[in-house]
Amino acid sequence: MGRKSGFWSLPKQMPCIKWYKAIPYDTLNGYNGEPFGYVFLMILNMEERICIMEMREKILTFIEKNSRIGLKDLAIMLGVEETTVAQELAAMEQERIICGYPTLVDWEKTSIEKVNALIEVRVTPQRGRGFDSVAERIYNYPEVNAVYLISGGYDLLVTLEGKTLREVAQFVSDKLSTLDSVLSTKTNFILKKYKDYGMVIAKPQEDERMLVSL
Amino acid sequence: MRNPLSERIVDIPFSGIRKFFDIAAEMKDVISLGVGEPDFDTPWHIRDEGIYSLEKGRTAYTSNAGLKELKIEIAKYLERRFHVSYDYDMEMMITVGGSEAIDMAMRAMLDPGDEVLIPQPSYVSYVPCAVLANGTPVVINLKEENEFRLTAEELEAAITPKTKILVLPFPNNPTGAIMERKDLEALAKVIIEHDLYVVSDEIYAELTYLDEHVTIASLPGMRERTVLINGFSKAYSMTGWRLGYACAPKIILEQMLKIHQYAIMCAPSTSQYAAVEAVRNGDADVAGMREEYNGRRRYLMHRYQEMGLSCFEPYGAFYTFPCIKAYGMSSDEFATRMLQEEKVVVVPGTAFGACGEGFLRISYAYSLEQLKEALDRMESFLTKIRQDL
């Protein structure tokens, strides 16, 4: 927290530091002797900022569907320097624009048993902190996969992963329902996943085109 | 028995890829870079509209020129994307792919003896269509040093008093060449001076990677002498739907439409209903695909450079056209050997005209993984044949 809000923090609309210009800061006061410190000013103009934003968007579009693409290939495909891509990726990880690189697994094809549930939770928001503190209490459990604040008939949508039905049921009755601010829960078990994270799970994509066409 | 066939038809050769197709079809573990169509599925919202039209029972003929709703949308699209305006009612017809439009344009405009200038390497149908329409095809050989663009000098040199039509196949299959505004302006001067007509096949118009595509019809004085051909196959990944369109001055279009009416009746209704959705709400799909192709294009060019394969940088369509003259083999030999030894399918440049000799058409309408695998195999083939040199 401290780092983000300190002297070095960047205005939100400036996504990246490209060049700094060192200016002796005492010249600002009309002092003519040896400078004893520098103010670093960002000299990104609007065009450069837009350029970087566009590149970031392109990087994100590419890796969202294929996070395993190598740095080198990604740089080639975007037509930019490898170091620039590396720098932007690092910056976006730092800024939590990129939050992780998970793998989409179809557990049904393995021998590992998993039970997934969607739980609709109605809660009482807390004074001053709204839904945040109860959401935090819930997402801290490792078996919780996702927590979303929802508009509509209930407040939080919690997705859960357990080994067995009983484990999930136990979590809901022992942990979730007993939280002070939780008013009610409604558990929906997932029977089958057809598509997840924008990818169709069951069917492999086949190229049905002819081998050669003009 | 009498010979059942027309001599003129028998004289037209079959296209040059049959052999490859036959060999490749017999082999296992073949990886192909030989396809001339997108690898994306038609976006779902477009397919959905096709299905919906079937559910609603919209299965009758449409009017000969095509669905009014579709033509209105296309007119808006051409205005929005390429700054050229056409009257949807009098100057536009929906065809069975761009291919039909090429055929119709030639048939409507040519008399026996009229010469048609066809820059090559280019798509295989222009010459046969000109012949079928009683015209005389005259080939202009494009040069690699000009990045396979057509120059005003080359055009000028090919013109005779009999020249009537210039075919402009840009962005180009197989070379990936484009024509920029300045190139077209230089041509336009010659075209107007010699009173030629242009059949501009712009089926790859949405796939350019330098600047936005410029249609020659948008240049001053050119609209009235241009038949603009475009379609849905490449932009929206809709090859199998068979849907294209032609825009031309009324005097030409009504004759094209007459032939279309007798020969075709109308383009498939289901495809037309789906196409309305494509042209109305498909801009984002096109942009996404273009971005993806562009990345692959850069990847290919980079790999060529790494493996020392010479290739001019193409800025259009989804083809590269590397030069293999350094390896002492004809395009056909090279492609055949690479297929047999490394199981990679590419198309010899000669399939697109004699001046394609020494080149290969390599398509990047494939996923990055497929491209990688194919290029790895190509690289090992190159290493092998370099040792034999």
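These numbers were taken from a predicted model, which means no experiment stands behind them. Below, read A as the first sequence line, B as the second, and so on, with proteins coming before strands; counting in each chain starts at 1.
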Given ring pair (Phe, Tyr, Trp, His ring centres under 6.0 Å), test B:Phe381 with B:Phe334 step by step and report yes or no.
CA-CA 10 Å; B:Phe381 180 69; B:Phe334 191 101; 5.2 Å; yes
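No part of B:Leu33 comes within reach of chain A, as not one of its non-hydrogen atoms sits under 4.5 angstrom from that chain. Heavy atoms of B:Val347 lying under 4.5 Å from chain A belong exclusively to its side chain. Contacts between A:Leu74 and chain B at a heavy-atom distance below 4.5 Å are absent for every atom of the residue. For B:Asp39, the parts lying under 4.5 angstrom from a heavy atom of chain A are both the backbone and the side chain. With a 4.5 angstrom heavy-atom cutoff, B:Arg303 does not touch chain A via any of its atoms. The part of A:Lys72 that comes within reach of chain B is its side chain, from C-beta onward, which places non-hydrogen atoms under 4.5 angstrom from that chain.
Below 30°, between 30° and 60°, or above 60°: for B:Phe321 and B:Phe359 the angle between ring planes is below 30°, a parallel geometry.
No close placement of the B:Tyr366 and B:Tyr293 rings is indicated, their centers lying 6.0 Å or farther apart.
For the pair A:Arg129 and A:Asp132, the salt-bridge criterion is not met [side-chain N within less than 4.0 Å of a carboxylate O]. Here A:Arg209 does not pair with B:Glu37 in a salt bridge; the nearest charged N to carboxylate O distance is not below 4.0 Å.
With chain A as the partner, the residue from B:Gln370, B:Glu369, B:Lys372, B:Met301 showing the most heavy-atom pairs under 4.5 Å is B:Lys372. Of the listed residues (B:Tyr123, B:Phe352, B:Tyr299), the one with the most heavy-atom contacts under 4.5 Å to chain A is B:Tyr299.
No hydrogens or angles considered: nothing links the side chains of A:Asp73 and B:His302 as a donor-acceptor pair under 3.5 Å.
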